[in-house]
Each structure stands twice: as structure tokens, then as C-alpha cells.
**Q** 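Starting off with a structure, shown below.
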Amino acid sequence: LGDAETAENLQTKVKLLQLEARVHRQAGASDEYARALLEARGVQAKVLGRLRGEGPEMLQQHKSLAARLCSELARHSEQHKNYAEALRYYGEALKHDEKHAEAMASLARLHMDREELEDARKQCQALLKNDLETEKATMMLADIMFRSNEFDEAIRYFAQMLEQRPTNYPALEQLILLVRRAGRLNEEPKGGRLAEAPRFLRLAERSSARAALDA
């Protein structure tokens, strides 16, 4: 291999391209930003090829970098409403690093925006399975169930979030809205059921009291 194609030189080139991309982004040069990222992605693919046979820790580090580059490209594609391309880049990110939390959460959100609820559900479940972005994944999963009219399951997930963090007001607001939509806002508590509006309202009162004390 020529000197320019050694793993060390390629890694340096990736860093320089990332720096160039950052400069273009700050300057608002969108096309140049994407070009630098695309080039960095291509060079990083060569880095991964050179590092075959290296230790798993080093290899994983560079796979994670490849995943980050793909995620950045995906976000750029989303901003320009090129959703098919964004899906492809998020998918590529997860091929490099199947537990890349940012790519998984962003892919779930993109699927939700496109009303591809089952695909979004799979990504949320994968996040929860791997204990990644658990609050964000739980919130999205509950919203998916809300949209699918799976009221009991949605309520269960919102309740789970609130038990972990009672001052999660967005979740509390969505939960009460969901109970109202299900026609159970004034329902009397029944044993073993999570969908108990009085319980949620008491939780809201406790949360508000705590917030006042913390202020």
C-alpha cells in the first residue's frame, strides 16, 4: 500500500474531513457540509477494511465512528426532506453499530413521522431491550400505542415512566389525555388495573407539590 493508504493516514484524513464538515455547517454551506461528510464516510469505510484482524475494542471504536457519520448524513437528508435517503443512512449506521442509540432513536422517530408505526415500534423495542434511550423509547412506544388505539398498553408505558420520574410532565399530560380519550377519566379504581385516572391525578398533585418545594 502507498503511504497515503495506511490506516493511520486514513484516520487522519477522516478527522480533517470531519473538521471541514463542521466548518461548512457553521458557515451554512449545506452542500459542502454533505460533501465532506460523504467523503469522510467513504474514507472511514477504507479504515475499517484496513483494521480487519485488529482487536475488537479498536474495531468497535471505528465502527461507532462510521455509524456517527452515517447518522449525520441521515439528519442532513431529513432536513432536506429526502426521507428515503435518511432511512438508508440510518440503516447503514445500524449495520456498523447495531446498538447505536442515536441512530435507533432517530430511525424510530422518522418512522413515526411517516406513520410507519410497526417499524417505529420495532426500533423502540430494540432500544428498550438494550437499555438505550429508555425514557425516549418508552415515550415514543406509548405514543405509537396511543395512535394505534391500544389504550391499555399505552397507559402502562406512560405509568411506567411516571413511576420512575413523577415530574415528567409531558408524559403526565399525555397520560391524562389518553385516559380522557379512553373515556376513563372519572372511572373508579379497579384492582390490578393501571388505567386509574384518580391515581394519575393524585400523582399529578404530588408532582406539583414537589415542584413547588424545589422551586
Side-chain angles (χ1 to χ4, degrees), residues 2-51 58-117 119-124 126-127 130 132-144 146-147 168-171 173-174:
D3 289 343
E5 291 294 306
T6 65
E8 184 177 348
N9 285 342
L10 290 170
Q11 290 172 50
T12 299
K13 186 173 183 179
V14 170
K15 291 177 182 177
L16 290 173
L17 286 165
Q18 285 182 283
L19 179 59
E20 181 185 344
R22 192 174 302 121
V23 170
H24 288 313
R25 183 182 62 196
Q26 292 172 349
S30 178
D31 290 344
E32 290 302 305
Y33 167 68
R35 180 200 56 75
L37 278 181
L38 277 169
E39 189 174 350
R41 165 179 166 264
V43 176
Q44 184 63 16
K46 291 183 179 180
V47 172
L48 290 172
R50 300 289 182 271
L51 293 178
M58 176 180 288
L59 192 58
Q60 183 57 46
Q61 178 183 345
H62 285 282
K63 284 183 175 181
S64 294
L65 175 54
R68 286 200 302 275
L69 291 169
C70 289
S71 289
E72 285 190 59
L73 282 165
R75 285 196 300 274
H76 179 267
S77 297
E78 277 193 83
Q79 290 167 1
H80 288 77
K81 303 188 185 305
N82 191 338
Y83 300 120
E85 190 173 84
L87 288 171
R88 179 167 62 83
Y89 282 131
Y90 281 133
E92 185 177 329
L94 292 174
K95 286 180 181 177
H96 287 302
D97 182 359
E98 64 180 10
K99 294 183 180 180
H100 194 275
E102 181 184 349
M104 294 168 76
S106 296
L107 184 56
R109 176 187 46 73
L110 180 55
H111 280 310
M112 286 183 67
D113 290 344
R114 290 162 58 90
E115 293 297 324
E116 297 164 350
L117 299 185
D119 289 325
R121 189 194 301 259
K122 289 176 184 176
Q123 289 301 322
C124 290
L127 281 164
N130 290 289
L132 300 169
E133 298 281 7
T134 53
E135 184 171 323
K136 186 181 295 185
T138 302
M139 191 77 172
M140 285 193 289
L141 193 54
D143 191 19
I144 290 166
F146 183 100
R147 296 188 196 187
N168 188 338
Y169 296 115
E173 181 182 357
Q174 289 297 318

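Since we're looking at a predicted model, the values are computed, not measured.
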**Q** Say you draw a straight line from CG of Asn9 to CZ of Arg50; how long is it, rounded to the nearest 0.5 Å?
**A**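 If I round to the nearest 0.5 Å, the distance is 11.0 Å.
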**Q** Please determine whether the number of non-hydrogen atoms from other residues, nucleotides or ligands lying under 6.0 Å from atom CD of Glu98 exceeds 12.
**A**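 Open.
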**Q** Within a strict 4.5 Å, meaning less than it, do heavy atoms of the Lys136 and Arg109 side chains meet?
**A**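 Answer no - side chains too far apart.
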**Q** Below 4.5 Å, heavy atoms only, C-beta onward: do Leu38 and Leu69 meet side chain to side chain?
**A**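 The answer is no; the side chains never approach within 4.5 Å.
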**Q** Find the distance between OH (Tyr90) and CD (Gln123) and round it off to the nearest 0.5 Å.
**A**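 The distance works out to 11.5 Å.
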**Q** Using only heavy-atom distances, determine whether the side chains of Glu78 and Tyr89 contain a donor-acceptor pair under 3.5 Å.
**A**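 No, Tyr89 and Glu78 have no side-chain donor paired with an acceptor closer than 3.5 Å.
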**Q** Below 4.5 Å, heavy atoms only, C-beta onward: do Arg114 and Leu87 meet side chain to side chain?
**A**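 Heavy-atom side-chain distance check passes, below 4.5 Å.
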**Q** Check whether Gln44 reaches the backbone of His62 with its side chain - one donor and one acceptor, N or O, closer than 3.5 Å.
**A**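 Yes, the answer is positive, given that a donor and an acceptor are paired below the 3.5 Å cut-off.
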**Q** Can you measure from OG (Ser30) to NE2 (His24) and round to the nearest 0.5 angstrom?
**A**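 One finds 11.0 Å between OG of Ser30 and NE2 of His24.
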**Q** Assess, by modelled atom type and distance only, whether the side chains of Glu72 and His76 contain a donor and an acceptor separated by less than 3.5 Å.
**A**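 No, no side-chain donor-acceptor pair sits under 3.5 Å.
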**Q** Which pair of non-hydrogen atoms, one from Ala120 and one from Ala108, has the smallest distance, and what is that distance?
**A**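 Smallest heavy-atom distance, with atoms named: CB-O, 3.5 Å.
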**Q** Measure the SG-CG distance between Cys70 and Leu65 for me, rounded to the nearest 0.5 Å.
**A**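 Taking SG in Cys70 and CG in Leu65, the distance rounds to 9.5 Å.
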**Q** So which atom in Arg147 and which in Glu115 form the shortest heavy-atom distance, rounded to 0.1 Å?
**A**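 Distance-wise, the nearest heavy atoms are NH1-OE2, 2.9 Å.
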**Q** Looking only at non-hydrogen atoms, find the nearest pair between Leu132 and Ala137 and report the distance.
**A**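 Smallest heavy-atom distance, with atoms named: O-CB, 4.4 Å.
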**Q** Closest approach of Leu48 and Ala66, non-hydrogen atoms and distance?
**A**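 For Leu48 and Ala66, the tightest heavy-atom pair comes out as CD1-CB, 4.1 Å.
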**Q** Closest approach of Ser77 and Ala86, non-hydrogen atoms and distance?
**A**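 In terms of heavy atoms, the two residues are closest at CB-N, 3.7 Å.
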**Q** Do the side chain of Asn130 and the main chain of Ala126 share a donor and acceptor less than 3.5 angstrom apart?
**A**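 Checking the backbone N and O of Ala126 against the side chain of Asn130, a donor-acceptor pair under 3.5 Å is found.
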